[in-house]
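Chain letters run A, B, ... following the sequence lines, proteins first, then strands; residues in each count from 1. All values reported here derive from a predicted model rather than from experimental measurement.
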Amino acid sequence: MSLLAELRWRGMLADVSAGTEEHLTQCRTGYIGFDPTAASLHVGNLVQIMMLVHFQRAGHRPIALIGGATALIGDPSGKSEERPLLDRQAVIDNQQAIAAQLARFLDFSSGRDGALLLNNHDWLSSVRLLDFLRDIGKHVSINYMMAKDAVRNRLEAGLSFTEFSYQLLQAYDFHYLSEHYQCTVQMGGADQWGNITAGIELARRLSGRQLFALTSPLLIRSDGKKFGKSEEGNIWLDRRLTSPYRFYQFWINLSDEEAQKCLRTFTLLSQAEVEALEQQHRQRPEQRILQQVLARDLTTRVHSADDASRAARTAALLFGNGTGEDLLQLDEADFDMIRDTLPHGSINRSSLENGLDIIRLVTEETGFLPSRSEARRLLQSQGLSLNKKPVAEGQIVRAEHLLHNRYLLLQRGKKNYFLVIAD
RNA sequence: GGGGAGAUACCAAAGUGGCCAACUGGGCCUGACUGUAAAUCAGGUGGCAUACGCCUUCGUAGGUUCGAAUCCUGCUCUCCCCA
């Protein structure tokens with residue numbers, strides 16, 4: 001199956017520049033840029049990573065470009081207002097972390113289609129201002145740059161020259177890669193279309209070379225909100241920022257519609273396999289097969305098979321049994337596993353001997369909830385449970401509440417668990 | 001350089017001397033219903049306090065007043081128009 005056909009059935013194709021289909025009938029080189037604006041990539045970036053993966057599987061050579069230089073400038077695309085500049089050292093730290101993450105997903109072996117990892121800081125940092133203005137700037141009109149959506153949308157709110165110039169840097173990258181790496185295709189999210197076509201235009205004027213573009217639709221949730229953000233913010237690929245368990249739960253909690261889309265976008269399952277799973281799901285929706293497969297597959301690829309099994313077993317223990325009685329069936333080994341996957345806090349056993357008010361337990365003693373008011377509100381709305389039983393205001397927690405003489409299982413609402421370990 | 005408008009809680013946006021911890025919408029949290037789904041409905045959403053209530057918050061620093069998000073002054077920042 002051709003790359004475009006593959007991306008098309010997966011719903012990963014938004015815009016394609018003229019002639020791309022024909023161009024891709026031969027082995028080509030293509031790139032996607034990742035600006036190191038944070039210490040980790042997140043699930044939103046995973047779409048672009050998968051584009052590169054498909055590109056490589058179709059026999060082409062992918063370049064993952066770290067935007068070490070462009071991150072210092074700031075991309076105005078999709079931003080409603082000017083961003084503060086990132087600290088130089090932060091960008092350096094970020095790019096190392098992100099390079100390591102990217103390396104997990106592509107095959108960097110030396111063959112003809114072996115992936116490359118480059119950093120635009122390597123060439124942009126040494127470009128001299130006057131040279132840039134004379135050699136590059138002269139080929140691009142302000143009128144052209146102003147017409148880009150990313151710029152137009154910002155004319156009211158304000159846009160610094162720095163961010164305005166971003167598209168020129170990205171355009172230069174594309175041109176540079178075409179000169180030095182025979183890179184003829186740039187991919188990215190739909191919001192990058194303006195920046196990408198700027199590169200096509202620049203290369204055409206500078207070298208007469210024809211370059212190509214394809215973009216993926218921006219993933220949005222069924223309610224129209226940005227995908228990959230949950231209550232706590234971004235879902236990161238770094239386990240220190242988003243634990244494997246929470247990462248797993250993120251996928252489990254997707255709606256049916258989202259899960260269908262994500263299965264196509266984020267896994268490498270074939271069309272036949274995806275459709276078979278959807279068929280199964282329709283027969284037994286309560287088993288949440290799509291979500292299970294998705295969570296297992298992604299947690300395995302982003303973290304490890306071991307992390308995925310752990311998360312799955314923990315979830316099965318917590319969500320499988322409804323009542324507090326069942327909880328008593330869990331043995332110590334179960335808890336030993338759970339304590340590594342769930343957020344947890346510890347408490348001094350002696351403070352339980354005398355009895356501890358539930359509010360104190362969940363706030364200052366363990367840090368599960370941020371304030372006493374919050375705790376009180378939850379108690380009043382029946383939203384806080386201890387060992388899977390709702391607790392009321394004024395509840396005193398004692399040593400006999402400890403499971404296996406060691407653990408307390410706290411819950412905010414249905415899905416947010418917190419384990420207290422008594423030492 | 002000159003003139004005008006503005007800065008309110010996570011976001012948007014009311015409020016123009018006491019009834020304002022601050023209308024409303026979105027978001028978020030919790031509950032009901034369910035399949036750890038969607039849709040829907042209900043409640044909540046600065047901190048401390050069981051509670052009466054107390055404390056901090058309307059760009060920032062002062063001032064007027066019994067009393068200010070609301071009036072005055074300085075400062076910072078943003079947008080618009082003219083040069």
Taking atom [atom1] in both [N] and [M], what distance in whole Å separates the two?
{"N": "rG4(B)", "M": "rU57(B)", "atom1": "C1'", "value": "30 Å"}
{"N": "rA39(B)", "M": "rU30(B)", "atom1": "P", "value": "16 Å"}
{"N": "rC55(B)", "M": "rG1(B)", "atom1": "C1'", "value": "47 Å"}
{"N": "rA14(B)", "M": "rA69(B)", "atom1": "C1'", "value": "12 Å"}
{"N": "rG25(B)", "M": "rA9(B)", "atom1": "C1'", "value": "14 Å"}
{"N": "rG59(B)", "M": "rU78(B)", "atom1": "C1'", "value": "11 Å"}
{"N": "rC52(B)", "M": "rA22(B)", "atom1": "P", "value": "14 Å"}
{"N": "rG2(B)", "M": "rC54(B)", "atom1": "P", "value": "48 Å"}

**Q.** Per L378(A) side chain, nearest of listed nucleotides rA38(B), rG35(B), rU30(B)
**A.**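 My answer, after comparing the listed nucleotides, is rU30(B).
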(Q) Going by the rule side chain to side chain donor-acceptor pair (under 3.5 Å), which residues pair with R377(A) if we only count those two or more places apart in sequence or in a different chain? (A) none
Q. Taking only residues two or more places apart in sequence or in another chain, which ones pass side chain to side chain donor-acceptor pair (under 3.5 Å) with N120(A)?
A.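 For N120(A) the side chain to side chain donor-acceptor pair (under 3.5 Å) partners, ignoring immediate neighbours, are T70(A), D173(A).
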Reckon [X] touches a base, only the sugar-phosphate, or nothing at all at heavy-atom distances under 4.0 Å?
{"X": "A259(A)", "value": "nothing"}
{"X": "Q380(A)", "value": "nothing"}
{"X": "I252(A)", "value": "base"}

Q) If you find the nucleotide of RNA chain B closest to A315(A) and the one closest to P370(A), which residue's nucleotide is nearer the 5' end? A)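 Its nearest nucleotide lies further toward 5', so the answer is A315(A).
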Q) Hey, which of these two, Q382(A) or I359(A), hits RNA chain B nearer its 5' end, going by closest nucleotide? A)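 Checking each residue's closest nucleotide, the 5'-ward one belongs to Q382(A).
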Q. Can you give the dot-bracket line for RNA chain B, where a pair is Watson-Crick or G-U wobble with both atom distances under 3.5 Å, crossing pairs use [ ], and | marks a partner on another strand?
A. ((((((((.[[[..)..(.....]]]((((((.......))))))(((....)))...[[[[[..)....]]]]]))))))).
Distances under 3.5 Å between nitrogen or oxygen atoms of protein and nucleotides 52-55 of chain B:
none

Atom-to-atom span, [atom1] of [X] to [atom2] of [N] - whole angstrom:
{"X": "Q395(A)", "N": "rU50(B)", "atom1": "CD", "atom2": "P", "value": "16 Å"}
{"X": "R360(A)", "N": "rA49(B)", "atom1": "CZ", "atom2": "P", "value": "11 Å"}
{"X": "R296(A)", "N": "rU36(B)", "atom1": "CZ", "atom2": "P", "value": "18 Å"}
{"X": "Y245(A)", "N": "rU36(B)", "atom1": "OH", "atom2": "P", "value": "13 Å"}
{"X": "R282(A)", "N": "rG35(B)", "atom1": "CZ", "atom2": "P", "value": "19 Å"}
{"X": "K261(A)", "N": "rA38(B)", "atom1": "NZ", "atom2": "P", "value": "14 Å"}
{"X": "K414(A)", "N": "rC29(B)", "atom1": "NZ", "atom2": "P", "value": "13 Å"}
{"X": "L254(A)", "N": "rG35(B)", "atom1": "CG", "atom2": "P", "value": "19 Å"}

(Q) Please check: side-chain N/O of K414(A) versus main-chain N/O of F319(A), any donor-acceptor pairing under 3.5 Å? (A) no
Q.
Tell me whether D238(A) contacts the main-chain N or O of R240(A) through its side chain, where contact means a donor paired with an acceptor under 3.5 Å.
A. yes
**Q.** K261(A) bridged to E258(A) by N-O distance under 4.0 Å
**A.** no
Q) If you measure from the Lys or Arg side-chain nitrogens to the Asp or Glu carboxylate oxygens, is any gap between E21(A) and R8(A) under 4.0 Å? A) yes
Q) Side chains of E273(A) and S270(A): do they bring a donor and an acceptor to under 3.5 Å? A) yes
(Q) Under a plain distance cut-off of 3.5 Å, with no hydrogens placed, do Q101(A) and S40(A) share a side-chain donor-acceptor pair? (A)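 Yes, a side-chain donor-acceptor pair sits under 3.5 Å.
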OP1, OP2 of [N] versus side-chain N and O of [X]: anything below 4.0 Å?
{"X": "R412(A)", "N": "rU30(B)", "answer": "yes"}
{"X": "K415(A)", "N": "rG31(B)", "answer": "no"}
{"X": "N416(A)", "N": "rU36(B)", "answer": "no"}

Any protein N or O atoms within reach of nucleotides 40-47 of chain B? Criterion: under 3.5 Å, listing atom names and distances.
{"unit_1": "rG47(B)", "atom_1": "OP1", "unit_2": "S371(A)", "atom_2": "OG", "d": "3.3"}

Q: Could you pull out all residues at least two apart from A295(A) that satisfy side-chain contact (heavy atoms from CB on, under 4.5 Å)?
A: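 Expected list: Y248(A), W251(A), I252(A).
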